[in-house]
Number of protein chains: 2
Amino acid sequence: MAKPGIKTKVGTTVSTGVDVTREALVHAAIDALKEEGFAGASARAIARRAECNQGLVFYHFGSVANLLLAALDEVSESRRAQYRAAVDGAGSALELVDAAQSVFEDDLDAGHIAVLTEMIAGASATPGLAPEVAARIEPWHTFTATALRRALEHGPLAAVVEPEVAAHAVVALYLGLELLAHLDGDRSRALALFDRARQLATFLQMFGTTSEEETQ
Amino acid sequence: MAKPGIKTKVGTTVSTGVDVTREALVHAAIDALKEEGFAGASARAIARRAECNQGLVFYHFGSVANLLLAALDEVSESRRAQYRAAVDGAGSALELVDAAQSVFEDDLDAGHIAVLTEMIAGASATPGLAPEVAARIEPWHTFTATALRRALEHGPLAAVVEPEVAAHAVVALYLGLELLAHLDGDRSRALALFDRARQLATFLQMFGTTSEEETQ
DNA sequence: GTCTATACTTGGATAGAC
DNA sequence: GTCTATCCAAGTATAGAC
């Protein structure tokens, strides 16, 4: 349907593609999900934000649900790029907590995670949407598991904590914290938690490497 | 408006009140939130489930949002009663984890927590709804903090973990786990987590009481 | 307290002109 | 590719009969 074969990407990153309205719709959908929630993210509301006609939603995406999934894709991928950068710069568990808090606050300020939670909650309303949303969460599990594995491999918890299991807890906790903070606008409780995590990381770092010298 | 002064509660718990349709609407709203989500929980959909007329929603509750809040109240209070019973029966941290897993699975089977997450996510769509939902979550924080305080007070973590801060983490984690498990229908990852928590509780129990003999 | 009927609004989706 | 116009379904809410 849309985009009949002509890929417009020239270099590695192109901000001004030819599909101007298509991208405008995606970003309008993101904003609508953030500010009005799944129930408020209608084709008309999104088109109003994108300052274009409502019918273009269906021309470009076929349905509102597809546009919403495209919005989730966009947020999920761009956020993961940022997370990767933040995590790659963290050499220790302590720095990992700092990085986590940094992206947590960025997310909360910009409402990125609201897009995800709205889609998760909204998935119940639209048949067939749930597996699509679930598939887009899966990369976060592997990403988190990798980050945890790196952070824990030389510490005392390596033998106790399975990265895959802990990753699920981290993802769930992160979602829950964003959900609550986004609801009542109070992030102080979440920040107190990051403080505790910092103390825990510092404490655990006192126990040195278990098997070999650290190379970081 | 509704219920002009006549309270029908005779004993402490009465299941067959006079407001039959009112209660039918509340329970239909609960089911609608569980199965169709916030976006699908319309006056018409709820009335269809309650097998009554759509106008009765407005007669009894004034608006759909009010009915949805009544549904949240009902679930929140009845669940808290069950949680309290489960937690009161738990004397040790290990038993507390067992109790938590038990209610977690009950909630997932019945979809109780979906009602809450749908209302949280849906709060963005309806002006003024967010603070109402937030107010109904607050009791869960105090409940969880109390349970944690009791479970930790004689253990080695008492000096390290602040119950209020940890309670927020527990509530957020619980919400996130239910959100994810409800989305993809896979609870195995959450159950693996409870297994780990059980091992941790057993491990911590090896360090005895810190200040005085345990009276349980 | 419950029903029918209705007014009004919004939303999804399509057809056809440009 | 974008717009106007339109159809139809579904939603909120109210009025009035019973």
Side-chain angles (χ1 to χ4, degrees), chain A residues 1-8 16-29 31-33 35-71 118 122-129, chain B residues 1-8 16-29 32-33 35-71 118 122 124-129:
Chain A
M1 298 253 169
K3 288 221 274 182
I6 308 165
K7 284 285 177 181
T8 55
T16 54
V18 180
D19 298 325
V20 193
T21 50
R22 199 188 151 91
E23 288 184 15
L25 280 171
V26 169
H27 286 100
D31 290 343
L33 280 171
E35 291 165 32
E36 305 177 60
F38 182 88
S42 67
R44 290 179 140 90
I46 295 169
R48 204 176 307 125
R49 285 173 183 270
E51 290 179 307
C52 72
N53 190 271
Q54 166 256 149
L56 292 179
V57 167
F58 304 95
Y59 172 78
H60 283 289
F61 298 92
S63 72
V64 179
N66 281 342
L67 168 53
L68 262 27
L69 282 173
E118 288 296 331
S124 317
T126 310
L129 194 55
Chain B
M1 292 261 166
K3 287 222 273 180
I6 310 166
K7 284 286 178 181
T8 56
T16 54
V18 180
D19 298 324
V20 193
T21 51
R22 198 188 150 92
E23 287 185 14
L25 280 171
V26 169
H27 286 99
L33 280 170
E35 291 164 34
E36 303 177 60
F38 182 89
S42 67
R44 288 181 140 91
I46 295 169
R48 204 176 306 126
R49 284 173 184 270
E51 291 179 307
C52 73
N53 190 272
Q54 165 256 149
L56 292 179
V57 168
F58 305 95
Y59 173 78
H60 283 288
F61 298 92
S63 70
V64 179
N66 281 342
L67 169 53
L68 261 28
L69 283 173
E118 287 297 331
S124 317
T126 309
L129 194 56

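Just so you know, these numbers use all the heavy atoms, side chains as well, and skip hydrogens, waters and symmetry mates. Residue numbers begin at 1 in each chain, while the letters A, B, ... track the order of the sequences.
- With B/R22 as the partner, the side-chain contact (heavy atoms from CB on, under 4.5 Å) test is satisfied by one option alone out of B/V20, B/D19, B/L25: B/D19.
- Here the shortest heavy-atom pairing between A/A24 and A/A50 reads O-CB, 3.9 Å.
- Remark: B/T21 is in phosphate contact with C/dT2, judged by side-chain N or O atoms under 4.0 Å from OP1 or OP2.
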| Could you run down nucleotides 3-18 of chain C 5' to 3' and tag each one B, S or - for protein heavy-atom contact under 4.0 Å? | SB------BBBB----
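- The shortest non-hydrogen separation linking B/L33 to B/A41 is CD2-CB, 4.0 Å.
- Counting heavy atoms from C-beta on, the side chains of A/F38 and A/L129 come closer than 4.5 Å.
- Under the 4.5 Å side-chain criterion, counting only non-hydrogen atoms from C-beta, A/L69 is not in contact with A/F61.
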